[in-house]
Each structure stands twice: as structure tokens, then as C-alpha cells.
**Q** 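Structure in C-alpha cells, see below.
Predicted model, so just to flag it, every value in this text is computed and none were measured.
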Amino acid sequence: MRVIITDTAFIWNPDNPALEIFKNVLLVVCLEGKAVTDKYECFVSPYKHVGMGIDKFGVDDQRYRALESVADDLNRSLQYHDDILFLTDGNPESLYPFYVIKDRNEYNTLHLCTVSPWHFEGKRRIQGHKDMLSDLSQLTSILYIDSNKYLENLPKETTMKDVMQKVEKDYAALLPTVVNNIGKLYGKYYFDFSSNSYVAIEEGFNGIDLSKKKSLDEKIETELYRFFSTLGLIMPPDYPEEDDSTKEEIERVPARIDGKKICNYLRMQRIKLAELNGIEFSSEECPSIGPCAGTCAKCDQESAYLRDKLAAIAPEDRVIPDFTLTEWEVEA
């Protein structure tokens, strides 16, 4: 196994004592252009600071471009370790090694642990982090921590320093589970916090999709589409009816980091649909935490049940909830 960090990360940097157990396999990618420690092996980027420009994040950053110029050398330095574990955090720069390696590496199994930026950070920093996670198809596993969840569950008097220390402590506590399990993973997995274990993504998913496939920021007024949205089917697929395998593949939805939020939102719409039409209906919140498709077999069963019940109601008497499917409501 090989563990990779950078010299610019907030949490996983050479000063973090939790990394000492990885001394023999740890590689520090030094984005600032100089070795920062004698304790661990370093890969030094040729970065040299030029000018006084505005900080950029992602592929336009001078640090990224410098690392990209020697990416093949970095890839060769990883040799033939079975598992490569990238430890990153909310700093977009901490993801640079992963981003330059993901499409170059042919012999290793790649794993990523990361933390989202805080919602109050600069938009360019947040977008830069998202851009670095735009393609996770080369990964075998991902552990994704939504740092903003810590803010929701802590007392108002908690300081930002306390929150950072809790995130760092909890993140470090996950390391043994991560290290002890990634060598056993084959296929595609995400870390599920409800079970504190890696869960397989159904074979056939095209990696984990962090992007929103379609953003709807206007009111859904057409009854047909409100009906489909309420039952969880946002975009009815177009497929050759005679080809069952093609149909199945098209209808299989990629897992995404915000899938649980979408699941909860649509579940509440189904409950509202049942109430407005006098349909007896109960639905328990899904216990899964982490990336999912936003819909699953349980959601399909609920939708099928509601469709059957609605079919028994005259079309003119049916009431379809009127709602706006916006990113804000999904995130709420």
C-alpha cells in the first residue's frame, strides 16, 4: 500500500501525528516546490511562485500546472503497490496528486478519502474542490465527509476551532477501518457511515457522480412531469423496447454524494401525494448514509404502490403536489 498526502492540506500534512504509523509507505507531494520534512519520503514539484495574481484552484493553479508537468514521474514513483490511498481534505490543492494520477495509473487500485469545504468558504475554492472530484470513475473506493454536517449537530456556542478539531479527530479515527478494508475491495465502493463500513456500488454504475445531472430552478407546472417527479422518476428514459439489457442499463442511476438528500426530498413528496389523495401510506426514512442514486428498490416499491392506488382514482379527482425542485430544496 502507498499513502499520499500533500504539504498544503489542512488535516493530512506531515505534522499530523496520526500519519506516523504509515512512515514506511507515506509519500508527501510537495506542491510548494521544496521538501518540507525529513521524516517521510517527499516528491518535490518544480513549482516556482510567479507574480502576485489572484489565487486560483484546480487546473488553472500554478501549483497544479507544475505538478502536471512531472505527473509521469510521480506515477512511476508509485511503483507497483496494490493500493494507493489519497488522504485529502477541504483544500482543493490536497486533491492535485489524485487528479493528475487518476488517468495515468494502470497498475494500482486507487482509493480516496476527502472532506468537503465549509459552505462559507470562497466560491472559487468550493468550485475548485468540486472540479477535482468531477471524475471518480478510476476509483475503487471513496470516503466522503460532509464537513458542514458537523455545524448542524453542534451547540451554537461551539467555536470553529472546536469544529475543526472534531472533524480532524473523527477523520483520523476512521483510518484503521479504511486501511484494514481497502485491500479486500474489488469493484466500486463507498464508505457508509451508518454501518461504518464500505458498501458496494451496484455493478454497472459509471463510477460515483458528484454532479447534478439536471438542475431545475423553475416551477414544475406540467402535471405529467410533477407526477413523475413526485414518484421519483425525473427523466423517463428513451430506450429500445425490445432490448431488455439496454433498458436495464439506461435505467440504472449513478450513485452521487447528494443522493440521500434527493431521496429524502422525494420521499416527503410521496407522503404529501398520499395525504392529498387520501391514500393510506407509510414510509420510513432510509438508514443509508453516503453516496447513493437518490432512488432504490424500496423507493420503486413505494412508487409502484402509489401508482396502483392513484389508478383507482378518477383522473379529474387526483391531486398532484405542486412543488419546485430546486437545488436549495434538495440541499435543505
**Q** Taking the side chain as every heavy atom from C-beta outward, state whether F43 and D73 have any atom pair closer than 4.5 Å.
**A** yes
**Q** Apply side chain to side chain donor-acceptor pair (under 3.5 Å) to N13 and list each qualifying residue two or more places apart in sequence or on a separate chain.
**A** none
**Q** Just to verify, what does A35 make a side chain to side chain contact (heavy atoms under 4.5 Å, CB included) with, not counting sequence neighbours?
**A** C42, V44
**Q** Given the rule that I, L, V, M, F, W and Y join up when any side-chain heavy atoms are under 4.5 Å apart, are I182 and L26 in one cluster?
**A** yes
**Q** Does the side chain of Y198 reach to within under 4.5 Å of the side chain of T177, using non-hydrogen atoms?
**A** no
**Q** With respect to E93, which candidate in D7, L67, L31 satisfies the side chain to side chain contact (heavy atoms under 4.5 Å, CB included) definition?
**A** L31
**Q** Mind checking what makes salt bridge (Lys or Arg N to Asp or Glu O under 4.0 Å) contact with D60, not counting sequence neighbours?
**A** R65
**Q** What's in the same ILVMFWY side-chain cluster as V319, cut-off under 4.5 Å, chained through other members?
**A** L276
**Q** Just by distance, do the side chain of D89 and the backbone of N91 share a donor-acceptor pair under 3.5 Å?
**A** yes
**Q** For N75, which residues count as a side chain to side chain donor-acceptor pair (under 3.5 Å) partner, sequence neighbours excluded?
**A** N105
**Q** With sequence neighbours excluded, give me every salt bridge (Lys or Arg N to Asp or Glu O under 4.0 Å) pair touching residues 24-39.
**A** E20-K39, E32-R63
**Q** Which atom pairs, one a donor and one an acceptor, fall under 3.5 Å between side chains of residues 112-120 and the rest of the protein, sequence neighbours left out?
**A**
from	atom 1	to	atom 2	distance (Å)
T114	OG1	T88	OG1	2.8
T114	OG1	H129	NE2	3.4
S116	OG	D146	OD1	3.4
S116	OG	S147	N	3.0
S116	OG	S147	OG	3.2

**Q** What heavy-atom pair brings D135 and F98 nearest, and what distance separates the two atoms?
**A** O-CZ, 4.1 Å
**Q** I want to check something: taking the side chain as every heavy atom from C-beta on, are F281 and Y305 in contact at a cut-off of under 4.5 Å?
**A** yes
**Q** Do I5 and F86 touch side chain to side chain, with heavy atoms closer than 4.5 Å?
**A** no
**Q** Considering only NZ, NE, NH1 and NH2 on the basic side and carboxylate oxygens on the acidic side, decide whether R104 and D72 come within less than 4.0 Å.
**A** yes
**Q** Is the shortest side-chain heavy-atom distance between T109 and I84 below 4.5 Å?
**A** no
**Q** Which atoms form the tightest heavy-atom contact between K272 and P321, and what is the distance?
**A** CD-CB, 4.0 Å
**Q** Identify, with sequence neighbours excluded, every residue that meets side chain to side chain contact (heavy atoms under 4.5 Å, CB included) alongside A314.
**A** E316, D317
**Q** Can you find a heavy atom in the side chain of Y265 that is under 4.5 Å from one in the side chain of C263?
**A** no
**Q** Tell me every residue that passes salt bridge (Lys or Arg N to Asp or Glu O under 4.0 Å) with K23, counting only those two or more places apart in sequence or in another chain.
**A** none
**Q** Dump the intermediate steps for side chain to side chain donor-acceptor pair (under 3.5 Å) on H111 and T140, then the final yes or no.
**A** CA-CA 6 Å; H111 309 270; T140 291; 5.1 Å; no
**Q** Is there a side-chain contact between L87 and V178, using heavy atoms and a 4.5 Å cut-off?
**A** no
**Q** Between R2 (side chain only) and L85 (backbone N and O only), is there a donor and an acceptor less than 3.5 Å apart?
**A** no
**Q** Sort and list the pairs that fulfil salt bridge (Lys or Arg N to Asp or Glu O under 4.0 Å) and have at least one residue in residues 162-172, not counting sequence neighbours.
**A** K166-D170
**Q** By ring-ring contact (aromatic ring centres under 6.0 Å, His included), which residues pair with Y64, not counting sequence neighbours?
**A** Y96, Y99
**Q** Tell me which pairs pass ring pair (Phe, Tyr, Trp, His ring centres under 6.0 Å) where either residue lies in residues 10-40, with sequence neighbours left out.
**A** W12-Y171
**Q** Answer yes or no: is there a donor N or O on one side and an acceptor on the other, between the side chain of R270 and the main chain of S303, under 3.5 Å?
**A** no
**Q** Specify the closest pair of heavy atoms between A274 and L306, including all atoms of both residues, with the distance to one decimal.
**A** CB-CD2, 4.1 Å
